[in-house]
Every structure is written in structure tokens, then in C-alpha cells.
Amino acid sequence: MTRYILQRLGYMLITMFLIATFTFFLMKLLPGSPLAAADKLSEEQQAIVLEKYGLNDPVPVQYFNYMVNLAQGDLGISFQFDNREVTTIILDRIGPSMQLGFQAMVIGTILGMLLGLVSAIYHNGFLDYSSTFLAVVGQSIPSFVFAGILQYYVGVRLGWFPVALWEGWEYTVLPTISLAIFPIAIAARFMRTEMLEVLGSDYITTARAKGVNKFGVVFKHGLRNALIPLITVLGPLAIGLMTGTLVIENIFAVPGIGEQFVKAINTNDFPIIMGTTLLIAFLFIFIVLVIDLLYGVIDPRIRLAEGE
Amino acid sequence: MKKTNWYLLVLALVLSLFLAACSGGDDSETGSEGEGTDTTETDSEGSDEASGDSEQVLNIMDSAEIPTMDASLATDAVAFQWLGSTTDGLYRLGEGAEPEPGIATDHEVSEDALTWTFNLREDAVWSNGDPVTANDFVYAWQRAVNPDTGSEYGPYMMNGVILNAEAVSAGDMPVEELGVTAVDDYTLEVQLEKPIPYFESLTTFGTFLPLNQAFVEEQGDQYALEAETLLSNGPFVMTEWNHGEGWTLEKNQDYWDAENVQLEEINVRVVKETATGVNLYETGEVDRAGLSAEFVDQYSSSDEYRIEEEPVLFYVKMNQENEILSNVNARKAIQMVIDRQGIVDVILNNGSLPSVGHIPANFVSHPDSGEDFRELSGDLIETNVEEAQQLWSTAKEELGIEEAELGYLGGDSEVAQNMDAYIKDQLEQLEGLTVNVESVPFQVRLDRDTAMDYDLQNSGWGPDYIDPNTFLNMFVTDGANNKTGYASEEYDSLIAEANNELALEPVERFENFLEAEQLLIQDDAVIAPLYQRASAQLWKPYVQGVIVNPMGPDYTYKYAYIEGK
């Protein structure tokens with residue numbers, strides 16, 4: 001097991017290196033200048049300012065310098081926020097995004113699984129149709145539409161929760177719900193399909209014949225088997241959440257990292273683009289590893305450390 | 001054993017969810033034309049209903065995080081806004097964009113207009129207790145043009161203005177040679193490169209704000225990155241700065257003019273979505289919200305609805321390296337066929353004005369009579385489709401062509417795309433003309449402008465100081481922002497004369513600019529003016545005394561107060 005993990009960590013490093021390299025050179029193809037007032041300065045003046053950021057060097061030299069600094073954990077300073085360290089900026093902004101994403105994933109997964117379970121247990125009944133309907137609606141309505149509706153009716157009209165801003169727990173409620181809709185829908189759909197399949201299999205019939213009650217079967221045998229495919233979609237689900245966050249962050253005025261990343265791309269803020277890309281890449285690779293390890297935990301048939 | 005596994009599973013799930021929550025991003029908001037950062041501020045008071053005397057708290061919104069609070073490095077509207085609220089320069093922008101005393105009480109100008117001597121007040125202090133002295137200006141200005149600082153606006157604002165700025169900013173001369181010296185603690189002497197008639201208004205600008213040398217050097221790399229590593233000498237002090245979320249300013253009790261500052265607190269929150277801003281306004285959380293076109297109809301009859309005119313112009317640039325556009329009749333036809341009223345009524349719907357020249361309305365006025373430049377200059381173009389057709393057929397004859405195809409470079413925001421589609425429609429009224437619109441991001445448009453890789457281009461310009469020169473100087477031969485291929489000796493000499501021989505003759509100088517504008521728009525048809533931008537706002541009626549500025553900080557909050565909330 002340890003060897004497997006070490007090996008995977010090794011691959012992770014290589015992957016990160018490749019991502020850093022590709023992103024670096026792709027980024028250099030972005031049109032425009034990282035200077036805010038490039039249209040107002042002569043080329044000589046621009047060159048003087050670019051010198052400060054080491055941008056007058058040939059791209060391979062810049063790449064080499066960046067990688068050396070990166071290896072020492074130095075992500076450099078931002079261009080658009082003069083002199084602010086990339087690490088500080090990312091740390092400032094990642095908190096709210098993570099909190100919202102975390103809350104939405106927890107709520108989304110739990111609610112979605114429950115919906116799916118109910119659907120499966122009461123297959124073709126009223127509850128099944130209702131929850132399927134909810135899942136379809138949740139998956140097809142874009143989150144920003146839902147967010148806008150929530151903000152106006154729950155925030156402005158009913159006044160139950162703050163309309164927007166980021167000043168305490170109650171401020172996370174509406175954005176969390178908006179973000180959770182998609183995970184709920186996905187989890188419900190998967191749960192339902194898998195549970196139906198599992199519940200129809202022979203060993204469940206056997207268990208039922210032995211006298212285990214309906215719910216006992218569902219929770220003891222069904223759930224565990226249905227989890228494998230669900231965990232597999234959690235990765236893509238998480239990515240879906242990440243990309244959705246920019247919109248939700250803007251609508252609810254959340255000081256998250258999504259908007260920051262897009263703005264960095266629009267303003268050619270190379271160090272922020274690199275830093276954020278690397279962070280997201282790292283998290284993504286890490287989640288894939290966690291999911292792979294989880295397979296073994298959930299299902300003993302999937303053995304990762306084959307030698308043992 | 002089984003139980004442990006389940007715990008592990010739950011733990012791992014939770015962990016993976018937590019990590020999964022990091023957000024990536026897709027592109028939903030991109031900047032529109034060349035308008036820099038659009039500031040959306042809203043004033044509001046969120047807390048309890050004040051009885052009797054209103055609580056002097058203003059809660060407002062801004063559309064972006066402050067990029068920097070370092071005056072030497074600031075380049076955008078958000079930074080200049082909050083620098084302006086926390087720091088006094090030599091002068092401040094007051095009502096009607098008239099400079100009023102800041103750290104300087106008055107000044108003398110030498111006969112040749114090259115030496116300006118400012119007398120500084122002795123009661124101004126920094127928020128750490130240090131007095132504000134002439135050296136603070138010397139240090140700040142030297143720092144702004146010092147190549148090591150990497151300032152963009154330093155060279156941009158000072159080169160050609162302050163003596164030796166050009167050489168210092170290129171690293172060819174030590175910073176001590178910059179034409180600014182402290183005669184004593186409270187007398188500042190500035191040597192100019194040439195007479196600058198608008199220098200007084202320049203001294204209100206962010207790049208010319210003073211810096212406390214000891215403090216800045218002590219903070220080093222950390223200077224102005226947090227509220228704690230900042231100093232202020234102005235009406236307000238920044239007491240809290242939560243990056244990306246917002247910031248809080250409080251009244252500076254040690255401000256030299258503290259008795260005229262009524263607001264106790266300004267809370268600013270970063271809100272990017274117009275709809276969100278409107279919702280916050282509706283719930284009373286903020287006192288001011290900017291409106292985009294789709295909200296205007298809903299609110300335009302409200303008492304709280306206001307139009308704020310801005311001296312920012314938008315126009316179609318025509319590249320004269322293109323054979324068709326090298327023909328002056330073709331350019332005139334393009335100018336004349338566009339229905340500007342339609343653009344501001346249908347597309348923008350926010351109080352923007354049709355533009356009929358290259359100096360905005362209510363921007364500069366005649367030095368003697370006080371009449372507005374725009375009034376005096378009049379409508380240099382009009383919309384007349386028939387005449388445009390005639391000019392167009394003359395142009396086609398002269399060029400020996402039947403049909404023409406032109407590329408059109410526009411922005412990629414929704415408003416920009418609507419507008420460009422509208423303009424394409426208008427232009428294609430000209431017989432045989434096909435216009436191919438290309439919607440590109442702002443950065444790409446800048447690149448292609450620099451390379452002159454366009455035929456027609458939707459472009460914009462806002463002033464850097466209050467003088468016609470900031471608009472008209474653009475189109476001198478080979479000017480860095482010309483990029484149309486326009487080269488006119490007559491035009492060049494009018495502008496050069498205004499900036500040299502006539503620098504001390506305000507009336508003649510003004511007339512030169514009138515003549516130059518006429519040449520640029522009417523005779524040579526270099527650009528096709530479109531509109532002068534305005535923004536539609538909602539203001540809570542209890543916010544009083546906020547001054548809207550045409551340049552520098554968008555608003556002056558020094559005299560603002562809350563009444564009758």
C-alpha cells in the first residue's frame with residue numbers, strides 16, 4: 001500500500017511538472033501585455049517596467065527561472081496587484097471558495113444520495129417520479145439562473161438570508177444552496193440507477209430470503225455496492241463545482257478565487273495564472289488518488305497493493 | 001475492522017470534498033472597450049435606523065479589488081479613488097473640478113512659467129504623527145520615475161512635464177536630477193520641462209501624491225499591501241482591508257481639515273454583478289448602485305435615479321493605411337451614415353450623449369467667457385444618410401471601385417457586440433459596402449491597434465488631466481495612440497504651438513484647440529465619433545455632498561454626509 005502511494009506521488013510530481021511546463025508556454029501565447037497602461041507607454045518605457053518582472057529575458061530563460069523558484073516554493077509576485085505575493089493572494093482567496101464548495105458538496109451528496117435511495121426503494125412510485133423530476137430540473141437549470149432566483153425571492157423578497165456579501169455564516173446559505181443543486185441532481189441520478197441494479201441482483205434476493213428487512217438490505221448491502229460508481233463521479237462532480245464557482249462567487253459577491261483566476265488571465269498576470277493552475281491541478285490529481293484509494297476501502301475486491 | 005474502514009471512508013470523503021471545493025473559473029466577465037476599470041460604488045448604511053441625527057456611515061460598493069494603494073504604482077480608477085480619499089496631494093479636486101488647497105496653501109509661478117513654488121501648510125500630519133513636508137513630495141515624485149520602481153504612470157504622467165523626468169525614467173540620469181526640490185520643509189519648488197497650463201490640475205492626480213519616505217523605506221516590499229502598512233494624510237484612513245471582499249475607511253481625526261469632514265466611516269464591498277448591486281440597494285444594504293441598460297427602464301422614473309456624465313469618448317478609428325479609408329470622402333461618408341442618437345437611445349440607454357467632436361461636453365471651458373468647449377465648437381458632424389451616399393459614391397469613383405469590404409474590430413462584451421452589430425447595419429447602408437465585425441478581447445484589440453492591424457475599430461479614450469490636449473494630442477503624426485496613419489503638418493503645428501509658444505496665452509491656445517478639433521473631425525475625418533459615456537446610478541436620497549469628478553478619483557467623499565436617514 002505504502003509503495004503504491006509513493007509510486008502515485010511520484011507520478012503526481014511528473015504530472016505537475018508537465019502541467020507547469022505546458023501552462024507556462026501556453027500562457028506566453030496570450031495576446032497583450034501584462035502592463036496595465038501598455039497603451040499609454042512607449043516601447044522603451046514598457047521595456048523598463050517589464051525588466052522589473054524579468055519579462056525581457058527570452059522565454060526559455062524565464063521558464064528556467066520560474067521553475068527554479070517554483071522548486072523552492074516561490075510562486076513570485078503578482079503583476080496586477082503590485083508587489084503582492086502570489087501565495088498570499090491565493091491564500092486570501094481560497095478560503096471562501098473552499099468553504100462554499102465543501103458545504104455544497106456535503107449537502108449535495110447527502111441530499112442527492114437520499115433522493116436516489118428513496119427513488120430506488122419506491123421504484124416507479126410517486127416519490128420516485130417526484131425525485132427524478134427534481135433531479136432533472138436541478139441538472140438542467142444553470143446554477144446562475146437558480147442563484148439569481150434565490151437571491152431575488154429568498155434574499156430580497158422574503159428577506160430570510162442576506163442577498164450577497166461575505167460577512168458571516170448566514171451569508172453562505174444562498175450560495176451554498178445554489179452550488180449544491182448540481183451535485184444533488186447528479187448524486188440522486190447515480191444513486192437511483194445503481195441501487196436499482198444492486199437491488200435486483202441475486203445476493204440481495206438471497207439476503208431478503210434470509211429475512212433481512214427492506215431497509216437493512218438497502219443500507220447494509222445495497223448502499224456499499226452503489227457507492228463505487230458514485231465515488232467515481234465525485235471527481236468530475238468536484239470539477240463541475242469548481243468551474244461553477246466563478247459565476248456563483250460573482251452573483252453573491254463572494255471573495256473567492258474563481259473570479260481572481262479569470263481576471264488574471266484577462267490581464268496577463270502570469271504568476272497568478274501559474275499559481276492558480278498549479279493549485280487546481282494539484283487538488284485534482286490529489287482527489288483522483290484519494291478516489292483510487294477509496295475503491296480499495298469500499299470494495300475489497302479491488303486490491304491496489306497487489307504484492308500483499 | 002469493518003468499522004475502521006467506514007470511518008476511514010467517511011474521513012476520506014470529507015477530505016476529498018474539502019479539497020474539491022477549490023474553484024477554477026470560466027470566463028464570464030470580460031472588460032469591454034478601452035474604458036479601464038469601471039467603478040461601481042454605492043453608498044449605504046446598513047445598520048440600525050438612526051433616530052434624530054443620522055449615523056455618519058456610508059456603505060458603498062466597488063466593482064473590483066484595489067490593485068494597489070501605492071501611489072507610485074497605481075494605474076486604475078479603483079486605486080486612484082481610494083488613494084484620493086486617504087491622501088491629500090498639493091491640491092485636491094473640488095466642486096466643478098476646480099483645484100482647491102490640499103497640502104499646498106498656494107503657489108507662485110515664475111514669469112517663464114517653468115518654476116512653480118508651492119507653499120505647504122504646516123499643520124498637515126501623516127497618520128503616524130510625522131509632519132507632511134516638502135521632502136515627502138520630492139521622494140514620491142523621484143520614486144515614481146525611478147526605473148527601479150517599475151511604475152507605469154510615473155513616466156506617463158511626468159515625462160515631458162517635470163524637468164528631466166524622461167532621462168531619469170530611462171535610467172540615464174540620477175533621480176536627484178528630477179526637477180523637484182524641497183527649498184525648506186514647507187516650500188516645494190518644481191521645475192517644469194516646458195510651461196504646462198494644466199499643471200495645477202495635475203497636482204491633484206494620484207501619481208503626484210506625497211509619500212512618507214521613512215515609513216515607505218521601513219515597510220520595504222510590504223509597503224501599502226495591507227491597511228497596517230499604509231499611511232494617510234487625507235480625510236480618511238483605511239482601517240481594514242479584506243482583500244477581494246472590501247475595505248473600511250474611517251475619518252482621520254488628525255486631518256488638517258477634519259472639521260469639514262462629516263462622515264465617520266465608509267464601508268466598501270466588492271460587488272461585480274450589476275443585478276447583485278441593485279438587489280443590495282433594494283434591501284437598503286447599500287446606498288448607491290450602478291445600473292446597466294436593462295435596469296434603466298425599471299428605475300428611470302425613480303427620484304433616486306441619476307445620470308452621471310463622464311468625459312469619456314468612444315469613436316470609430318479608421319486606418320488610413322487601408323486604401324478605401326485613405327480616401328477622405330469615404331471616411332466622411334462613414335462619419336455621416338452612423339446614427340449616433342440611435343446608439344445612445346437603443347443600445348446604451350443610460351444617459352450617454354451622442355458625440356459630435358473629440359472633446360467631451362462639460363469638460364473644459366473658454367478661459368475668458370467660460371463657455372463650454374463643446375458649445376463653442378458645435379456639432380462638427382451630423383447624421384445625413386443621403387449626403388453620406390453621395391460622398392460614398394464620389395469616394396468609389398475616385399478609388400475606381402464598385403464594392404468595398406472593411407473589417408471592423410470591436411469588443412467582446414455583450415453591450416459591445418450589440419453596438420457593433422448596430423454600427424455594421426448603419427455602415428452597410430452605404431451602397432456596395434460590406435463590413436465584417438470581429439469581436440475580440442480588449443488585450444487583442446490593443447495589440448492589433450499597436451500593429452495597425454485593423455480597418456475600422458471601436459475605440460475609447462478618457463482624460464488624464466483636464467485640458468483639451470489630453471484628447472487632441474493623441475492624433476499628432478506618429479503619436480503613440482494615433483495608430484490611424486493620420487499625418488497632418490497643419491494639425492501637428494496647431495498642437496505643438498498650443499503646447500509651446502501659446503502655453504501662456506490661454507485664449508489663443510484654446511482657439512488652437514478649437515481649430516485642431518475641427519481639422520481632425522470635420523476636414524480630415526480622422527475618426528467617426530460615436531458617443532460620450534454616462535452612467536446611470538441609483539442614490540439613496542439621504543446621501544448628500546458627494547462630488548463627482550471628471551478625472552482622478554471618480555468621487556470626492558470629503559464633504560459627503562448622511563442626512564435624514
Side-chain angles (χ1 to χ4, degrees), chain A residues 31-32 35-42 44-45 48-49 52 80-84 92-94 97-98 100-102 105-106 148 151-152 155-156 163-166 234 238 241-243 245-247 250-251 253 255-262 266 268 279-280 283 286-287 290-291 294 297-298, chain B residues 5 8-9 12-31 34 65 67-68 70 73 75-76 147-148 150-153 155-156 169-171 221 223 225 242-245 269-273 275-276 279-280 282-283 285 441-444 446-447 449 480-481:
Chain A
L35 300 184
D39 54 332
K40 301 188 164 175
L41 296 178
S42 70
E44 300 78 54
Q45 286 163 348
I48 291 169
V49 184
K52 177 185 163 192
Q80 51 172 330
F81 302 107
D82 300 272
N83 290 339
R84 281 179 67 76
D92 271 349
R93 295 299 197 89
I94 193 92
S97 295
M98 276 202 166
L100 281 188
F102 175 62
M105 280 304 271
V106 170
Q151 181 175 61
Y152 186 68
V156 178
V163 168
L165 303 180
W166 190 254
L234 270 185
L241 199 69
M242 289 174 197
T243 45
T245 307
L246 162 80
V247 178
N250 273 351
I251 291 179
I257 203 167
E259 175 271 333
Q260 180 63 67
F261 190 32
V262 174
N266 284 336
N268 287 357
L279 177 79
I280 292 175
L283 292 174
F286 188 77
I287 287 164
V290 170
I291 291 171
L294 278 179
V297 177
I298 296 168
Chain B
N5 278 350
L8 254 176
L9 167 66
L13 251 175
V14 166
L15 184 71
S16 70
L17 289 175
F18 187 65
L19 290 169
C22 130
S23 95
D26 65 85
D27 189 331
S28 88
E29 285 221 340
T30 41
E65 158 76 348
T68 181
D70 184 332
L73 299 175
T75 54
D76 81 321
D148 294 339
S151 167
E152 294 175 52
Y153 257 61
Y156 177 61
S169 71
D221 281 352
Y223 174 67
L225 295 187
N242 299 317
H243 299 279
E245 188 187 331
R269 295 291 169 263
V270 178
V271 175
K272 289 162 204 293
E273 288 279 334
T276 306
N279 283 338
L280 286 167
E282 285 287 344
T283 53
E285 219 130 327
F442 180 58
Q443 291 277 13
V444 176
L446 277 191
D447 274 5
D449 181 63
N481 290 297

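Because the structure is predicted, anything quoted here is derived from the model rather than measured. Residue numbers start from 1 in every chain, and the chains themselves are labelled A, B, ... in the order their sequence lines are given, proteins ahead of strands. Excluded from the calculations below are hydrogen atoms, water molecules and symmetry mates; all remaining heavy atoms, backbone and side chain alike, are included.
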Trainee: Tell me, side chain or backbone of L446(B) under 4.5 Å from chain A's heavy atoms, or both, or neither?
Mentor: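 For L446(B), the side chain is the part near chain A, not the backbone.
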Trainee: So do the side chains of V156(A) and T283(B) get within less than 4.5 Å of each other, counting heavy atoms only?
Mentor: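 V156(A) vs T283(B): side chains touch.
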Trainee: Under 4.5 Å from any heavy atom of chain B, what part of Q45(A) do you find: side chain, backbone, both or neither?
Mentor: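 The answer is the side chain of Q45(A).
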Trainee: Which pair of heavy atoms, one from I48(A) and one from A170(B), lies closest together, and at what distance?
Mentor: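 In terms of heavy atoms, the two residues are closest at CD1-CA, 3.6 Å.
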Trainee: Most heavy-atom pairs under 4.5 angstrom with chain B, which of D82(A), L165(A), N268(A)?
Mentor: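 Option with the greatest count: D82(A).
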Trainee: For the residue pair A253(A) and V271(B), what are the closest heavy atoms and their distance?
Mentor: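 Closest pair (atom of A253(A), atom of V271(B), distance): CB-CG2, 3.8 Å.
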Trainee: Less than 4.5 Å to any heavy atom of chain A: does that hold for the side chain of N279(B), its backbone, both, or neither?
Mentor: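 Its backbone and side chain both get close to chain A.
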Trainee: For D148(B), is it the side chain, the backbone, both or neither that has a heavy atom under 4.5 Å from a heavy atom of chain A?
Mentor: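 Backbone only.
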Trainee: Just how far is it from atom CZ of R84(A) to atom CG of D221(B), taken to the nearest 0.5 Å?
Mentor: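 Here the interatomic distance stands at 13.0 Å.
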Trainee: Determine the option with the most heavy-atom pairs under 4.5 angstrom with chain B, choosing from I251(A), N83(A), D92(A).
Mentor: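 Ranked by contacts with chain B, first place is I251(A).
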Trainee: Between Y153(B) and chain A, which part of the residue has a heavy atom less than 4.5 Å away: side chain, backbone, both or neither?
Mentor: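 It is the side chain, since no backbone atom gets that close.
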Trainee: Sub-3.5 Å donor-acceptor pair from the side chain of E152(B) to the main-chain atoms of A36(A), do we have one?
Mentor: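 Yes; at least one donor-acceptor contact below 3.5 Å.
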Trainee: When rounded to the nearest 0.5 angstrom, what distance separates CG in N250(A) from OG1 in T276(B)?
Mentor: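 If we round to the nearest 0.5 Å, N250(A):CG and T276(B):OG1 are 8.0 Å apart.
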Trainee: Is E282(B) close to chain A through its backbone or its side chain, or both, or neither, when contacts mean heavy atoms under 4.5 Å?
Mentor: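 Interface part for E282(B): side chain.
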Trainee: Does a side-chain heavy-atom distance below 4.5 Å link R93(A) with E245(B)?
Mentor: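 In short, these two side chains do not touch, never coming nearer than 4.5 Å.
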Trainee: Between L280(B), V444(B), D449(B), N242(B), which has the largest tally of heavy atom pairs under 4.5 Å with chain A?
Mentor: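 So the answer, after comparing L280(B), V444(B), D449(B), N242(B), is L280(B).
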Trainee: Looking at side-chain heavy atoms only, is the closest gap between E65(B) and Q260(A) below 4.5 Å?
Mentor: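 A side-chain contact under 4.5 Å is absent here.
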Trainee: Which bit of L35(A) comes within less than 4.5 Å of chain B, counting heavy atoms only: side chain, backbone, both or neither?
Mentor: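 Both backbone and side chain.
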